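Each remark here refers to the structure printed beneath this line.
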Amino acid sequence: RADRAPTDDPPPSVPDGQGQGRIDAGAAAASPAQAKAMSRQKQADDAIYDALARQYEQFQQVNRTFELVAKAVSPAVVHIVALKVTRPEEGRRVRQYEETGSGVIIRSDRVPGLYVLTNHHVVDGSKPAKIRVFLRDGHAILPVKVWNDAKADIAVLQLDRDDLPAARLGNSDLAPV
């Protein structure tokens, strides 16, 4: 208040709702030692962020590679919906539910046609007629055959189409890791 004389009381504290006060912005200035410490901390922070920026520049090629892989493969990525039926227990009725997952359309070097590579648990227990493969454009197609490997949690769905984009698979034997 204007009618009060200045005192040597500590700076006013403004409650912040957390049970602790915060110093009013104009009420106190940092001491020279505090200002020097804050300046050193800012320089250290700036140095770290400058180093991060230089490091990031080194990974631009890796980022570009991921962008190109995504651009090449994403047209072959599909959404899978498999209609499943629970096995009824004594006195219970059969219940239907949908399991969903993703997959990728691939082409084999040895066998003609297109296939979808997905997880076993997504299509496990569903007949091909109860599995819908949704393409990028929203159209749904049904597989004509399904192969599963429960231990590896992998499934391959054979498609009755040959005109869709397919991702290329690499040779894991040639991968260094």
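Since the model is a prediction, treat every value here as computed from it, not as a measurement.
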Practice item. May I ask you to decide if A35's main-chain N or O and S39's side chain share a donor-acceptor pair within less than 3.5 Å? Key: no
Practice item. Find out if a path of hydrophobic residues (ILVMFWY) with successive side-chain heavy-atom gaps under 4.5 Å connects V122 to L117. Key: no
Exercise for review: Please check if V104 and V116 belong to a single hydrophobic cluster, counting links between Ile, Leu, Val, Met, Phe, Trp and Tyr side chain heavy atoms closer than 4.5 Å.
Suggested key: no
Review point. Would a 4.5 Å heavy-atom cut-off, applied to side chains only, mark P75 and R136 as touching?
Key: yes
Exercise for review: Measure from the side-chain N and O atoms of T118 to the backbone N and O of S102, and report whether any donor-acceptor pair falls under 3.5 Å.
Suggested key: yes
Practice item. Would you give the length of the straight line joining atom CD of Q43 to atom CG of D46, rounded to the nearest 0.5 angstrom? Key: 8.0 Å
Check your understanding: Can V111 be reached from L114 by stepping across I, L, V, M, F, W or Y side chains whose heavy atoms are under 4.5 Å apart?
Key -> no
Practice item. Quick one: closest heavy-atom pair of A76 and P165, and the distance? Key: CB-O, 3.6 Å
Check your understanding: Ion pair present between K130 and E98, side-chain N to carboxylate O less than 4.0 angstrom?
Key -> no
Exercise for review: Check whether any side-chain heavy atom of F134 sits under 4.5 Å from a side-chain heavy atom of V78, and report yes or no.
Suggested key: no
Check your understanding: Strictly by modelled atom types, are N63 and E67 linked by a side-chain donor-acceptor pair under 3.5 Å?
Key -> no
Check your understanding: Looking at K151 and D149, does any basic side-chain N land under 4.0 Å from a carboxylate oxygen?
Key -> no
Review point. Are L164 and V144 in one and the same hydrophobic cluster, where Ile, Leu, Val, Met, Phe, Trp and Tyr link if side-chain heavy atoms are under 4.5 Å apart?
Key: no
Practice item. State plainly whether one hydrophobic cluster holds both L135 and L159, where clusters connect Ile, Leu, Val, Met, Phe, Trp and Tyr through side-chain heavy atoms under 4.5 angstrom apart. Key: yes
Review point. Is the backbone N or O of I131 less than 3.5 Å from a side-chain atom of S126, with the two atoms forming a donor-acceptor pair by type?
Key: no
Check your understanding: Does any non-hydrogen side-chain atom of Q158 lie less than 4.5 Å from one of V146?
Key -> no
Review point. Considering residues, nucleotides and ligands other than D163, do more than 12 of their heavy atoms fall under 6.0 Å from its CG?
Key: yes
Point to revise | Given V85, T86, L83, the one that forms side-chain contact (heavy atoms from CB on, under 4.5 Å) with Y97 | key: T86
Point to revise | Non-hydrogen side-chain atoms of R132 and L142 separated by less than 4.5 Å | key: yes
Check your understanding: How far does CG of D109 sit from CZ of R168, to the nearest 0.5 angstrom?
Key -> 10.0 Å
Check your understanding: Any donor-acceptor pair under 3.5 Å linking the side chain of D153 with the backbone of N119?
Key -> no
Review point. So I141 and H139, side chain to side chain contact (heavy atoms under 4.5 Å, CB included) or not? Walk me through it.
Key: CA-CA 7 Å; I141 56 178; H139 286 93; 5.7 Å; no
Check your understanding: Does CD belonging to Q60 count more than 12 external heavy atoms closer than 6.0 Å?
Key -> yes
Review point. Can you list the steps and then say if L157 with V123 is a side chain to side chain contact (heavy atoms under 4.5 Å, CB included)?
Key: CA-CA 9 Å; L157 316 177; V123 297; 4.2 Å; yes
Check your understanding: Quick one: CZ on R54 to CD on Q58, what's the gap to the nearest 0.5 Å?
Key -> 9.0 Å
Review point. So, the side chain of N148 versus the backbone of A150: is there a donor-acceptor pair under 3.5 Å, distance only?
Key: no
Practice item. Nearest 0.5 Å please: distance from the CZ atom of F59 over to the CZ atom of F66. Key: 10.5 Å
Practice item. Step by step, work out the side chain to side chain contact (heavy atoms under 4.5 Å, CB included) result for Y115 and I105. Key: CA-CA 6 Å; Y115 302 86; I105 299 172; over 6 Å; no
Check your understanding: Would you find a donor on one side and an acceptor on the other, under 3.5 Å apart, between the side chain of K84 and the backbone of E99?
Key -> no
